[in-house]
Amino acid sequence: MRSHTDRPATVTVLVPASVPSPYNDPRMGTTDMDRRFVLRALASLWPTVACAAPGAAPTQPPSPELLMADVPPAVIELGRIYLRAFPEERHREQLRRRLGITDDGEPEGVRLARLNATVLDEIETDDLFEIEGWRLTRTECRVYALASLG
Amino acid sequence: MHIDARDYDQATLTGDVCVIGGGAAGITLAVALSKSGLSTIVVESGGFERTESTDQLNAAQTPTIGGDYLLRSRVRVFGGTTSHWTGLCLPLADPTFEARPWVPNSGWPIDGDVLHSYYQAACEFVGIEPWGRQGQLTRSPELTTLEFSQHPGRFETRIYQVKRRAHFGRRHRDTLTEAEGVILLTHATCTGLEVTGPRVERAVVRTLTERRIAVDAKIFVLAAGGIENARLLLVSNDAHPKGVGNIHDRVGRFYMDHPELTVAEAMVWPGWDLDLYLRGRLGDDSVGFGALFPTPSFARERGLLQAGIQIRRSGHRWGTPQGRSLDRAVTTASFRFDCVRGAHPKGACLPAMQRAALFARSEQAPDPANRVVLGETKDVFGVRQPRLEWRMNALDARSLKQTVQELARAIYRDGLGRVRSFLDHQEIQTLDATYGPSMEWEDYDRIHHERRPKILLWGHHMGTTRMADSPRHGVVDRNCAVHGIANLYIAGSSVFPTGGAANPTLTIVALALRLAEHLQRTVS
């Protein structure tokens with residue numbers, strides 16, 4: 001069940017009702033959280049928007065590691081949840097290999113296209129990890145796990 | 001002419017056509033016949049306003065469905081259930097009419113081509129824009145539909161129209177009471193048919209004031225609804241011990257409904273135009289909404305029944321209070337992830353993601369075990385009350401669950417958002433079922449909190465006198481004539497061999513218009 005080679009495998013993990021994170025701070029109002037979320041979302045969208053702007057020189061999309069470098073606590077939290085379920089994957093290099101991240105100078109665009117193709121394949125083959133009913137692909141979870149390892 | 005049966009002092013009434021039931025089917029038929037020169041008698045159990053005593057005639061046993069289902073979903077008033085109809089209209093999709101190998105007992109003896117012109121006329125009758133042959137709304141403004149780029153061709157958008165103020169009784173009362181050759185007999189409950197050999201001689205009509213009237217006619221049409229049509233055939237058993245038209249034990253069987261339930265919640269990323277799905281407005285003067293259906297080819301490939309999945313705003317009710325922080329974590333992270341992998345639409349700029357509930361209207365496979373039978377208890381006229389034996393079968397459940405999973409995958413693949421299905425860990429067949437309007441707000445909240453949906457049924461009683469070319473497979477033929485009976489027809493959703501995932505009223509009207517045409521030819 002826990003082996004990544006057992007595909008398709010949908011794994012259910014029950015998470016404690018209260019996940020410690022800034023998002024759980026009762027002092028923080030919904031509006032504040034929404035605003036922060038939007039700011040982050042817009043920030044992460046910037047390369048895409050820049051590419052789409054008429055006459056703009058295409059900018060290099062960021063790598064998963066780079067984009068996740070400014071990691072929201074949510075990502076770290078999900079990464080930790082995944083690693084609790086699959087502790088054998090708690091190795092940075094192993095996760096990088098499984099995500100196809102290498103240091104051979106491969107263009108980021110190629111790398112991201114491969115990442116997306118893997119995600120699409122995992123959706124199709126139901127290679128999903130379930131957190132409280134949300135179903136995330138193995139690769140998505142591994143990106144979060146990698147980010148959570150710092 | 002209008003006659004209140006309680007004040008009628010004659011023993012008989014005579015006409016060319018006797019229509020039993022003044023609901024969507026009966027009124028449509030009577031209006032169409034009123035221009036034909038045939039004398040028509042419409043027998044309606046209720047009056048122009050609802051009364052408690054008349055409504056009580058709808059009492060019935062529904063052991064598997066709560067909310068006093070058959071008592072509350074049926075209305076004995078001139079106008080029938082159109083008096084509380086939400087006005088939702090959509091033609092049946094073409095696959096509904098086809099014999100689908102993966103759906104036992106599917107297939108109509110007529111197809112979408114035959115019905116198309118009647119659907120056009122039905123839209124005019126109801127007062128909505130007609131759909132084109134391919135399901136398009138030609139007069140509506142440009143509408144943005146969701147097109148999935150990854151694996152296109154799996155889901156398609158179909159657009160429901162909503163007809164406001166659609167009470168047929170109010171709209172057509174004057175037409176019928178003033179028409180020459182039409183008698184509207186109210187407060188007159190048909191309690192059975194007198195049959196001699198292959199002919200119906202008369203309809204026996206009674207009032208709550210203990211009057212008894214015999215209605216004689218050349219042609220009789222049962223238009224009393226999916227439950228009562230079957231009941232009247234079953235109780236009319238003097239000459240036919242198993243009931244009229246029931247030599248092969250088909251009457252009452254194959255009951256179908258449209259189970260509706262909240263199947264999932266979703267977070268939809270900013271940048272997607274969901275107006276068509278969320279806003280409920282097609283143009284300045286028309287109301288409606290889009291829903292996502294598996295395409296016919298995808299349904300064939302995966303062995304799916306039809307289901308329309310609507311995207312609804314869920315606002316603050318979304319999510320469980322305990323799980324909200326985790327939900328936010330998932331959506332925050334997943335949104336960024338979809339941006340990274342390039343699946344998110346370019347130029348996304350809306351200020352907030354949209355919280356939504358996915359709400360399904362699903363088709364049921366025709367199943368002979370789902371049926372209307374005569375119960376042991378009797379109504380005030382001494383007629384046995386109906387008893388409805390209903391459940392969702394394995395195909396219904398498997399198909400719905402898989403459809404939701406496939407839609408969730410499509411949403412994920414295309415970077416539209418994330419879906420949390422309520423069905424993944426549920427035995428759908430064990431879910432509670434109830435009459436839709438009996439749900440309270442607290443019940444809806446509970447569904448979101450517990451992620452255990454309730455099946456809502458809205459009185460779409462279908463299939464109990466199904467249409468088939470052979471009496472071994474159905475009760476009426478392709479012209480809605482009861483097999484083996486020369487002068488008895490049936491109008492309404494009880495003749496549907498399959499019910500698709502569209503609300504039945506528009507099809508009821510289309511079939512009634514077609515029947516009117518047939519009767520004019522037959523009688524003349």
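Naming: A, B, ... by sequence-line order, numbering from 1 per chain. No experiment lies behind these values; they were computed from the predicted model shown.
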Over all atoms of both residues, closest heavy-atom pair of [X] and [Y]:
X	Y	result
B/Arg409	A/Glu124	NE-O, 4.4 Å
A/Leu78	B/Ala329	CD1-O, 3.7 Å
A/Thr137	B/Tyr412	N-OH, 2.9 Å
A/Trp134	B/Glu265	CZ3-O, 4.4 Å

- Item | Separation between CD of A/Glu140 and CG of B/Asp338, rounded to the nearest 0.5 Å |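 Rounded to the nearest 0.5 Å, the CD-CG separation comes to 6.5 Å.
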
- Query: Say you draw a straight line from CD of A/Glu130 to CG of B/Asp424; how long is it, rounded to the nearest 0.5 Å?
  - Reply: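 It is 6.0 Å, given to the nearest 0.5 Å.
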
- Just give me the residue among A/Ile123, A/Thr139, A/Leu120 that pairs up with chain B most often, heavy atom to heavy atom, under 4.5 Å.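 Heavy-atom pair counts peak at A/Ile123.
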
- Message: Within the structure provided, determine whether A/Cys141 and B/Phe337 are in side-chain contact (heavy-atom separation under 4.5 Å).
- Response: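 A/Cys141 vs B/Phe337: side chains apart.
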
- Query: Hey, are B/Arg451 and A/Glu132 close enough for a salt bridge, meaning a charged N less than 4.0 Å from a carboxylate O?
  - Reply: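 Yes.
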
